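Every value quoted in this text rests on a predicted model; they were computed, and no experiment measured them.
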Amino acid sequence: MSSLFYHYSSLMIPGTDFLFQPIFTRGLSGSLHLVLLLVLLISCICEKKMQVAPRENARKVFQHTGFLYYKQTLLCCIAVCIFDLVLSLLYYFFWYENFWPQGLVTISDLALRTVAWGAVCVYLHSRFSNSDERNFPLHLRIWWVVYSSVSSCCLVIDFVAYEKKAIFPIIYLLSDICSSLMGLFLCYVWFSVTKNAKLEETLLNSNSSVSNSYDSNKAKGVENLTAYANAGLFSVLTFSWLSPIIALGNKKILNLEDLPQLSSYDSVYGAFPNFREKIESKGGVNSRVTTLHLAKALIFSTWKGFLLSGFFAFMCTCASYAGPYLIDTFVQYLNGQRDFEHEGYILALVFLAAKLVEGLAQRHWTFRFQQVGVRVQAMLVAMIYAKGLNLSSQAKEGRTSGEIINLMTVDAARVGEFCWYMHDPWITVLQIALALLILYKSVGLASIAAFVAAVILMLANWPLASLQEKFQGKLMETKDRRMKVTSEILKNMRILKLQAWEMKFLSKIIEIRNLETIWLKKYLIGNGMTRFLFSSAPTFVAVVTFGACILMGIPLELGKILSTLATIQILQQPIYAFPDTIAVMAQTKVSLDRIASFLCLDDLRPDIIEKLPRGTSDAAIEIVYGNFSWDLSSTTPTLQNINVKVGHSMRVAVCGTVGSGKSSLLSCILGEVPKLSGTVKLCGTKAYVAQSPWIQSGKIEESILFGDQTIIGERGINLSGGQRQRVQIARALYQDADIYLFDDPFSAVDAHTGSHLFKECLLGLLNSKTVIYVTHQVEFLPAADLILVMKDGKITQSGKYNDILNSGTDFIELVGAHREALSALKSLERRPTSKNLRVTVEDTDLLREFGLEQKEENKDVQNGKADDTNEPKGQLVQEEEREQGKVGFGVYWKYIRTAYGGAFVPFILVAQVLNQALQIGSNYWIAWATPVSANTESTVGSFTLVGVYVALSIGCSFFILARVMLILIAGYKTATILFNTMHLCFFRAPMSFFDSTPSGRILNRASTDQSALDMAIPNLIGAFSLYVIALLGNIAVMSQVAWQVFIVFIPVIAACLWCQQYYSPAARELARLVGTCEAPVIQHFAESISGLMTIRSFDQESRFHDTNMKLIDRYSQPKLYAATAIEWLCLRLDLLSSITFAFCLVFLVSFPNAITAPGIAGLAVTYGLSINGLQFRIIWFLCNMENKIISVERILQYTSIPSEPPLVIEEKHPHCSWPSFGEIHVQDLQVRYAPHLPLVLRGLTCTFNAGAKTGIVGRTGSGKSTLVQTLFRMVEPVSGQIMIDDINISLIGLHHLRSRLSIIPQDPTMFEGTIRSNLDPLEEYTDEQIWEALDMCQLGDEVRQKEGKLDSIVTESGENWSMGQRQLVCLGRVLLKKSKILVLDEATASVDTATDNIIQKTIKQHFSECTVITIAHRITSILDSDMVLFLRQGLIEEYDSPKTLLKKKSSSLAQLVAEYTQRDQTQDLKSC
């Protein structure tokens, strides 16, 4: 460098020396800035006179890729203006010595600079803030080149003068360094904007020839994709590629469509295949996946991100120790020791450069590991979902959907969050090594004592870590149980409310939560004690170090002590974070163990069935000596000695009693039942219709196509049973498969619809297909080419109808029961002689053929009056509610006041303030009492010095303990209260809430959001307030030395607050999008698991996996950009806070004589070193607090759900014997399900006499089930009333009403537990009563054969019991209850005719004096009623005795019976 300057000076032309004098360079600079002012003035005048309209077709460059350049340019100009203003003030008040003319020229130059750059700021804002300008004006671009050139020349001159040891004000060097950097940046901006403008012009020109039909959303996605993928180096380093999103967030509410698409590296589409390949490289998925194998696969799938984040971590760590290393030198400089000229400014520059490098590396370290974390979580969720699609039936029974949801929401997220800590182990070693080097430089061999103290503290953590791991494991186990129970309850909430059991099941959740909180308290207390012990670690290390110095005779000098304290303060981070790292490692290991354990579960074996290509075999289905068992440990197979051969285009009927193995036979053909022996061959594609309808939430079109615009509620909850079955059948028909398997789909539809579906589908559309159908309706059997009769898992008879009718007893029993039912019909009327009824439909309209017409609210569309606007409020399931704008103070206030009315808050703040005061006091004592150098005499003895320091530190530790425990108690109490309140509110919510709210939304709040309340939010709020107080304390210490720091500090704080406010709108919406985008992932998984057999039967696993990956990416988008937004803000705050630190350093160096005590000045610098870190932590905790507080906001949403009417009304308490008669009077009843939906019941008036048996008949959707729902007040009437024994049911409590009525619902429901708990969940009956009820409902013998008897296990949703057996359990419940009013809502839909007859006889026998209301699709089930109510479109069409109605051939009932009997007669003729 010196040779370069020498060469340069030797080339100067004689007589030109004045050009290199400061007076000339400052004068030239001032003149140029004056010219700039005149040019700007002229430009503004000309632009006002020539108003040019903006080009409409021009893209707003500053709202997209160029927007960030305008913002950066404006901020840069503001920074130059403020910098020049500060220099001018300093020069005028401190450096100006009234010498002429240099002083006047310098102050004039600085003043002109300030005014000129201020004018540039105003000009940029007025011209570009709301403009379509595509580039900066020519005069600005010329000015930036000139300014950069002049500043660079001035800087070279400064260095030449410095090399020649010329005397010149240091202000010149500072000004020229800043000006050169800013000039280069502005030239870079000009170049970048010009390049982007040309690129966009090219794109616009090329796009002008593209068709108008081009998808704008795709174009937007491609454009957004380039925001990060094609960002330049400067944009990547400063996170400027995110600036358009931050800016857009200030203008509108961000939606998912506004976010850039993920790059291929971050997308699960790019990450998952590689991850899966590494898992399967050792046969992982199909054999044993170990935790180590899983961890290695994760690391190798993200190794680039690991290495890059590790590089930034290394840079950050090294830069952070530059300050402690130089602090001793700086203190000696302030004490008057000078080693070379301008040493102070060089030290200040090194301090500042180290802080800038540390800040930049810290931001990119954080960003990179969060990027890796999002990728890891996405890969794990995709892997868990893929595994779930392939689970075997036995493995699926061992893991409930709630447990797997926890794997996706909690465990995968925890593994992703571990990326925060992934470098901590080796970083800790590096930090300790660097600290030891610095300590050795400062205190010599006493550094060994410091090292031993640090190691002791870290080793002491192992017992705590093992306890934390144990507590974490137990906590997750109980949380799994709670989520499993919650998921099952949400799925069956309707039956709970009908039976008045919801409070009992709520208490079950609360009981599990209480067990969970036992482990939660232990975990939190352990965590709190760990934090307390290791918060005191720096004091312990410092005392040990200073004590060792005293014992070894090492002199304690101020510079060395401050260096030691600064080093220990940085060393505090690894010591303090070490417990967290160990705890997180323990949590992550638990989560990895759980995920690996799940991945080790058995897959569905692909060799169960042998799939043959179409046309390669004369048999469509062939089973030879097949033995199958759902439970491989059972000694009795589910299906035994199955031998079936089904040819192409054959119709095969399967019949048998309840539990005989009919559904299992279809399942073994699908390959779902584990095969013990034999062979199963399948030739061609297959389609399957399940007995229990599985419908996806969304559009009907999507459910049918796997791919009418009527929205379906969760699991098709807003469709009737018949409509759900028809959607299923339509889905199967759409596949155009070779083989169709129907598992009794006609039981859920009325007789007319069942006949129509059988005729048009099985006998019509599927005439050329191979069809196997299970049915309990004997009238459908004669049409079969082959009938299989099953009993006890065996095929006891097979053949055609007439062939097997006389060859055995099993089939005769079924047919006999059917004929017995028909005989009841014949006693009521003679067989009709009129011509057969025929129903014709248009085969071309698939939806209309199955009765899936548009809902009434879409009539305009049917009539050709389609509305161009979509009104989402007309749909049942709405988009999840998302708060908008800033999180209101009311949310924080409610959270703070939830526990003890907020009484703990002032005590927490006082503890924090006293903690900070004592901490500063201990350091202040050290700085005051320690001699500056070895030559200075100490004011106090060494033991006194250390003793007072220890005393103050102990007091500090005491207040740390108080703060930790108070926060722990308040946070735990708040989480418990909000948990109980939220669960009580949604348990008391009306059914309309559950109909329109997918369970994933509720589960998300009960799992993810509740976890945030349990563990994260209290610590975030406590840490935020702690660091705010710490920052104020640091500024107070710095101001003791240089009060002038407030000149810079106040505007810097204002700028920081402005940046934070500018960032917050986008960050809040991104955090809310994270919450709302997570629920669809859970919801889709829950639906997929419940319909697993259907999905696999259609070979649709790949499509569902692809949908899951799309949902994962939709969740990863806002999560990644929310994490990036924090780094965008923190980087800018780091730069701003560096200004305060730099000002303090320059002031101390420039005015050493103004410093009263070098020790206090050194202490101020020591505290100044931590300002960046404190400010980052404040903003980080503030942003995370704002993001996490959204969990409180979301839970509070569910604490204000509209509630059902009261469960109990004391003043309207009915007598304990009510209803004593059971008379029901319905008067002018009008019902609708929502205010925006049409009336379902339109003015019903009728009376159900006490003790009478009434059958309700009508087509699907006529209002039958709605009438029952209104009777139980699941739906409140719009007008009218229902009276039971002269009591208006609307005036009494819901519990009193529902507990006095009995119902057997259409969907038989069983809960995980035992037979006893399913029959008597309220524990009101004795074992003898329960056995009596089981015997009456024909289940006694079945239960006695079980090993556990009444304690026999029932799996989730009763899946280990057949549908018919579940229905019989529901019958057992009402037999126990013995109510005066019994409602049968399709109660026998899932049982065979013989069992139906048994149920009917049981009801007649035991409910002879009760009012019985029956809704049934089997005509025989209602014709022996005393009265029949026929509904059509919500109105009463007929209401009379069956005999009276059947006498009228024109009556609807007579026509329905005629159709039924005609169908049976037709089938009998066909069998002949």
Tell me, with the steps shown, if Ile1315 and Val1354 meet side chain to side chain contact (heavy atoms under 4.5 Å, CB included).
CA-CA 7 Å; Ile1315 289 293; Val1354 177; 4.1 Å; yes

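- Between the side chain of Asp1285 and the main chain of Glu1223, a donor-acceptor pair closer than 3.5 Å is present.
- Taking every heavy atom of both residues into account, Phe986 and Phe994 meet most closely at O-CZ, 2.7 Å.
- Using a cut-off of 4.0 Å between Lys/Arg side-chain N and Asp/Glu carboxylate O, Lys508 and Glu488 are scored as not salt-bridged.
- In this structure, Tyr1198 and Thr997 have side chains that are in contact, with non-hydrogen atoms separated by less than 4.5 Å.
- Using a 4.5 Å heavy-atom cutoff, the side chains of Ile1256 and Ile1413 are in contact.
- Without hydrogens or angle criteria, Arg1232 side chain to Val1278 main chain gives no donor-acceptor distance under 3.5 Å.
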Trace of the side chain to side chain contact (heavy atoms under 4.5 Å, CB included) decision for Val1226 with Phe1248
CA-CA 8 Å; Val1226 180; Phe1248 300 95; 4.0 Å; yes

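- Taking the six-membered ring for Trp and thresholds of 30 and 60 degrees, His1213 and His1296 have ring planes inclined between 30 and 60 degrees apart.
- Using a distance-only test at 3.5 Å, with no hydrogens or angles considered, no donor-acceptor pair links the side chain of Lys497 to the main chain of Met1274.
- Counting non-hydrogen atoms of neighbouring residues, nucleotides and ligands closer than 6.0 angstrom, the CD atom of Glu1438 exceeds 12 such neighbours.
- Taking 4.5 Å as the limit, some side-chain heavy atom of Ser1452 sits within range of a side-chain heavy atom of Arg1432.
- Here CG of Leu1003 is found 11.0 Å from CZ of Arg1005. Values are rounded to the nearest 0.5 Å.
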Set out, in order, the CA-CA distance, both residues' side-chain angles and the distance that settles side chain to side chain contact (heavy atoms under 4.5 Å, CB included) for Ile510 and Phe979, then state yes or no.
CA-CA 9 Å; Ile510 298 298; Phe979 176 90; 4.0 Å; yes

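- Here the CD-NZ distance, from Glu1323 to Lys504, works out to 4.5 Å after rounding to the nearest 0.5 Å.
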What do the steps show when you test Leu1429 against Leu1267 for side chain to side chain contact (heavy atoms under 4.5 Å, CB included), and what is the final call?
CA-CA 11 Å; Leu1429 176 67; Leu1267 179 57; 4.1 Å; yes

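- Arg1300 contributes a side-chain N or O that, together with a main-chain N or O of Trp1218, makes up a donor-acceptor pair within less than 3.5 Å.
- The neighbour count for Arg988 CZ, taken as heavy atoms of other residues, nucleotides or ligands under 6.0 Å away, is above 12.
- For the pair Met1336/Glu1332, a side-chain contact is recorded, criterion being any heavy-atom separation below 4.5 Å from C-beta on.
- In this structure, the side chains of Thr1254 and Ser1425 stay at 4.5 Å or more apart for every pair of heavy atoms.
- Counting heavy atoms from C-beta on, the side chains of Gln1197 and Arg1001 never come closer than 4.5 Å.
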Check the pair Lys1264 / Asp1385 against salt bridge (charged side-chain N to carboxylate O under 4.0 Å, His left out), numbers first and verdict last.
CA-CA 9 Å; Lys1264 305 184 296 296; Asp1385 187 2; over 6 Å; no

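- Considering all non-hydrogen atoms of both residues, Gly1372 and Ala1333 come closest at O-CB, 3.8 Å.
- Around the CD atom of Glu1324, the shell of radius 6.0 Å holds more than 12 heavy atoms that belong to other residues, nucleotides or ligands.
- Considering only heavy atoms from C-beta on, Leu1350 comes within 4.5 Å of Trp1331 through its side chain.
- Interatomic distance, CG of Leu1271 versus CD1 of Ile1303, reported as 8.0 Å (0.5 Å rounding).
- Side-chain contact between Thr486 and Ile509: present, with at least one pair of heavy atoms (C-beta onward) separated by less than 4.5 Å.
- When all heavy atoms are compared, the tightest approach of Ser663 to Asp743 is OG-OD2, 2.8 Å.
- Results of the side chain to side chain contact (heavy atoms under 4.5 Å, CB included) test with Ile1282 over Thr1270, Leu1244, Leu1297 single out Thr1270 as the only residue that passes.
- Ring geometry for Phe1311 versus Phe505: interplanar angle of 30 to 60°, hence tilted.
- Among all heavy-atom pairs drawn from Pro1442 and Val1428, the shortest one is CG-CG2, 3.6 Å.
- Note: Trp501 CH2 to Ser507 OG = 13.0 Å, rounded to the nearest 0.5 Å.
- Lys1377 places a side-chain N or O within 3.5 Å of a backbone atom of Leu1301 that can act as its donor or acceptor partner.
- Heavy-atom contacts from other residues, nucleotides or ligands closer than 6.0 Å to OH of Tyr1325 number more than 12.
- A distance-only check finds a donor-acceptor pair linking the side chain of Arg1298 to the backbone of Arg1273 [under 3.5 Å].
- In this structure a side-chain-to-backbone donor-acceptor pair under 3.5 Å is missing from Thr981 to Leu978.
- Nearest heavy atoms, Leu1319 versus Leu1376: O-CD1, 3.7 Å.
- Between the side chain of Asp1426 and the backbone N or O of Lys1253, at least one donor-acceptor pair lies under 3.5 Å.
- In this structure, the side chain of Ser487 does not engage the main chain of Lys484 through any donor-acceptor pair within 3.5 Å.
- The CE atom of Met1310 lies 4.0 Å from the CG atom of Asn1318; values are rounded to the nearest 0.5 Å.
- Between Asp1327 and Arg1316 there is a salt bridge, with a side-chain nitrogen of the basic residue lying less than 4.0 Å from a carboxylate oxygen of the acidic one.
- The closest donor-acceptor contact from the side chain of Gln1281 to the backbone of Ser1290 lies at 3.5 Å or more, if one exists at all.
- One finds the CG atom of Leu1382 at 8.5 Å from the CG atom of Leu1375 (value rounded to the nearest 0.5 Å).
- The two atoms that bring Cys1246 and Ile1436 nearest to each other are CB-CD1, 3.9 Å, heavy atoms only.
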